Amino acid sequence: MKTGSSARPLPDDAARIAALEDELDRVKRINVALMGRVERATDLQGNAFSLFESAITLENKVRARTLELERALSELAVSNAALAAAKETVDEAQRRLRDAIESINEGFAIFDGNDRLVLCNQTYLSLWPAIADRIRPGVSFDEIAEMIVDDRTTLGAMVAPDRWVSERLAQHAVAAGAHVHALSDGRWIQINELRTSEGGIVGVYTDITEAKAEDARQRAMELAEKATLLQATLDNIPQGVCVFDADRRLVAWNGPFTTLLKLPSNLRAVAADHDMLATIMGRTYPLIRSSGSFAWLDAGSPATVHEQPLRDGRTLEIRRSTMPGGGMVMSFADITEMLRNAQALRETADTLERRVEERTAEMAAVNVQLKQEVGERLAAEAAMRDAKTAAERANISKTRFLAAASHDLLQPLNAARLFVTALGDRRLALPTRALVRQTESALNSVEDLLEALLEISKLDAGAIQPEISDFRIDRVLQRLRTEFAPIARNRNLALRINESDAAVRSDPRLLRRILQNYISNALRYTQAGSVEVRCSRSGDRLLIETVDTGPGIQPNRHAEIFEEFRRLDETLRDSGLGLGLAIVQRASRMLHHEIGLSSVPGKGSTFSIAVPLAPAGAVDAESEAAIAPRTVLTTHRVMVIDNDPAILDGMASLLGGWGCGVTTAADAEAAARLARAAALPPDIILADYHLHHGETGDQAIHRVRSAVGRDIPALIITADRTDSVREAMQRAGFHILTKPVKPAQLRALLARVLA
């Protein structure tokens, strides 16, 4: 290890020692002068007394000077001791600094403000083995750089010595950041230099040879992978391809190239560059050589395409194009068969043209016959259009009939239900109450039958169109649990409807109808056990299954039970109408949802439907709907508008039994007159949609509101279940109930509106 100069005394101590030494010299000179004087006095006077007197005087002076000299020597000894202690401290600090520098794995060198070496470690010297013995403290950085150039220690010094020296001195002068140098022995070093506060420079020299080697290996692997990928790509191209670099060296080719041109597979061994390959091609295929289709393309030249016939009867399509940065790529394709096919097509076209000319004459002969056939066809098409028009009119007529029939049939049924419900709310004898329950059950059966028939008719006529939206399936399942839980309890069955947080894309009304029919059938045919609704994700769909422990279904009846009026067991008292699964099949087809059935006779059945899942984030998290408290309807004033007296009487009986004050009117004019005459306006209006003389319920509501000058809440009750009526009333802000009105449903809606 090379270090700086040995330790020097502190500046203050050195000055003090110099002063003491000067004082000592002065005392010595005084003693010499005094002794000379005494000797001269003795010679001149020769007097013993004078000699004695001079001796005494001289002794006093010598004693005084001696005391001064002793004090000076004492102070010199103290200063020397302090100087020794300071030197020991400095030496210890220098030893620690040298040990610290030597413990660093990197090369370390410090240069002072004059750019001369102050200190370095052995690792730094090992970077320059040939000049290490000449790198000593005090040597300047410029001299070290010149020695490196003279010894050719770095690659830069070997290639361009002057430029390397100038660049290295500039880097050293800036002393900011890192720079990398390659040594002539294959090592790489990274130099980080930083200027000190005193104007010197500290340099750290790190050996990054291994990192450079790893980087080189990584780049070599990447190049190898790219070459492998390029070769694999070339091998999968049906055309023959060869690639040359900017120096015209052959760098890549594929199998079809050597096969097509009948060249050896080890092509590089016989043709390392374009010139050698052109020579081989010229000997084997002189026509290619003479046409120049294999000649070299200089950078920037446009791509060329050349059809080259060969002596063996083949024709090659030769394409040449330059590559960015120089080089050329060539492709060879055998287009012999393509040219033959083109020739065959031309001959076929000529033949067809002749045949067309021949057939033209024949066509002219049958043109009259064709005109006659066209006339007959036009007549047939006119008849078909008339038939289609008649069918469309019949369909429209059917739709109108369904609407009218639903209104006319449901009107008396609605009145009967209202009367039965009002009667059931009264205190009756047990036999009478049993008759009321039987009547209500019969009305429910008639209502279910009418609703099923109307729904199937609408599905077949296309009157119901899906309204697709994204919603959480829990919204449907919670309502189904509330609807069917009492029925399951009455049948002593366990009903489990597993909730799911999945969001689906469907028509909620039609999907709820499908699941209603599934659960209703399962509860109807299961005598003991349970009915369970499960939800599970299957890819991009939600599979909803209704699993029961019923009697099961024979495999040969799986398709049959989805037909109209097909019942599994007609001996049951409540075996249904046989329309539920028919509605399921029609609704699922309309929604494009796949339905399924698996069953084991004696063990139960599983009905399923696969519903598409909604996209992520399409439905926000919904809070649980608050359950409205049961509102007491007593003292509320209700106005009922309906053109059917039986409906008015039934509604008056039902609402009166609930404690409401009821006012009835047959049309809008009577309703407005009663509202103006009343002391207090009604709290809510219930209006039938179809009134006499084309008047509608919404018009009657507006007249009552105008008469009292208030925006009174209102419900529309109608037997018209068309989408147009429902959408129009919803846009107008009215609540809608369809006939026959279920009293529980009516009471719940009144409670919610009047809450």
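Numbering starts at 1 and runs along the sequence shown. Since we're looking at a predicted model, the values are computed, not measured.
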Looking at side-chain heavy atoms only, is the closest gap between [X] and [Y] below 4.5 Å?
X: L511; Y: V611; answer: yes
X: R512; Y: R479; answer: yes
X: D667; Y: H692; answer: no

[X] side chain vs [Y] backbone, donor-acceptor pair below 3.5 Å:
X: T738; Y: I717; answer: no
X: S599; Y: I553; answer: yes
X: R481; Y: I497; answer: yes
X: T549; Y: A528; answer: yes
X: S520; Y: Q516; answer: no
X: T526; Y: L523; answer: no
X: R637; Y: P681; answer: yes
X: Y689; Y: I716; answer: no
X: R505; Y: S469; answer: no
X: D642; Y: L648; answer: no

Among I487, D548, V533, I514, the one residue meeting side-chain contact (heavy atoms from CB on, under 4.5 Å) with I519: V533
Might you work through the side-chain contact (heavy atoms from CB on, under 4.5 Å) test for T696 and Q699, ending with a clear yes or no? CA-CA 5 Å; T696 58; Q699 296 172 347; 3.2 Å; yes
Nearest-0.5 Å distance that lies between atom [atom1] in [X] and atom [atom2] in [Y]:
X: L686; Y: L737; atom1: CG; atom2: CG; value: 8.5 Å
X: F484; Y: L493; atom1: CZ; atom2: CG; value: 12.5 Å
X: D711; Y: H702; atom1: CG; atom2: NE2; value: 9.0 Å

Closest heavy-atom contact between [X] and [Y]?
X: M639; Y: L674; answer: CE-CB, 4.2 Å
X: M651; Y: L746; answer: CE-CD2, 3.8 Å
X: A488; Y: L495; answer: CB-CB, 3.7 Å
X: L542; Y: S500; answer: CD1-OG, 4.5 Å
X: E695; Y: A668; answer: OE2-CB, 2.8 Å
X: M729; Y: D698; answer: CE-OD2, 3.7 Å

Starting from the C-alpha separation in whole Å, work towards a yes-or-no answer on salt bridge (charged side-chain N to carboxylate O under 4.0 Å, His left out) for E467 and R726. CA-CA 13 Å; E467 297 179 3; R726 185 180 72 255; 3.2 Å; yes
Take atom CD in E727; do more than 12 heavy atoms of anything else shown fall under 6.0 Å from it? yes
Any side-chain donor paired with an acceptor under 3.5 Å for S506 and H593? yes
Let me see the working for I712 and D683 under side-chain contact (heavy atoms from CB on, under 4.5 Å), right down to the final yes or no. CA-CA 7 Å; I712 303 172; D683 296 319; over 6 Å; no
With the threshold set at 4.0 Å, does a side-chain nitrogen-carboxylate oxygen contact exist between D501 and R472? no
Salt-bridge contact R676-E669 (side-chain N to carboxylate O under 4.0 Å): no
If you apply the rule side-chain contact (heavy atoms from CB on, under 4.5 Å), what do you find for I736 with L715, and how did you get there? CA-CA 6 Å; I736 301 176; L715 305 180; over 6 Å; no
Audit row: V504, D470, side-chain contact (heavy atoms from CB on, under 4.5 Å) steps and yes/no: CA-CA 6 Å; V504 297; D470 297 329; over 6 Å; no
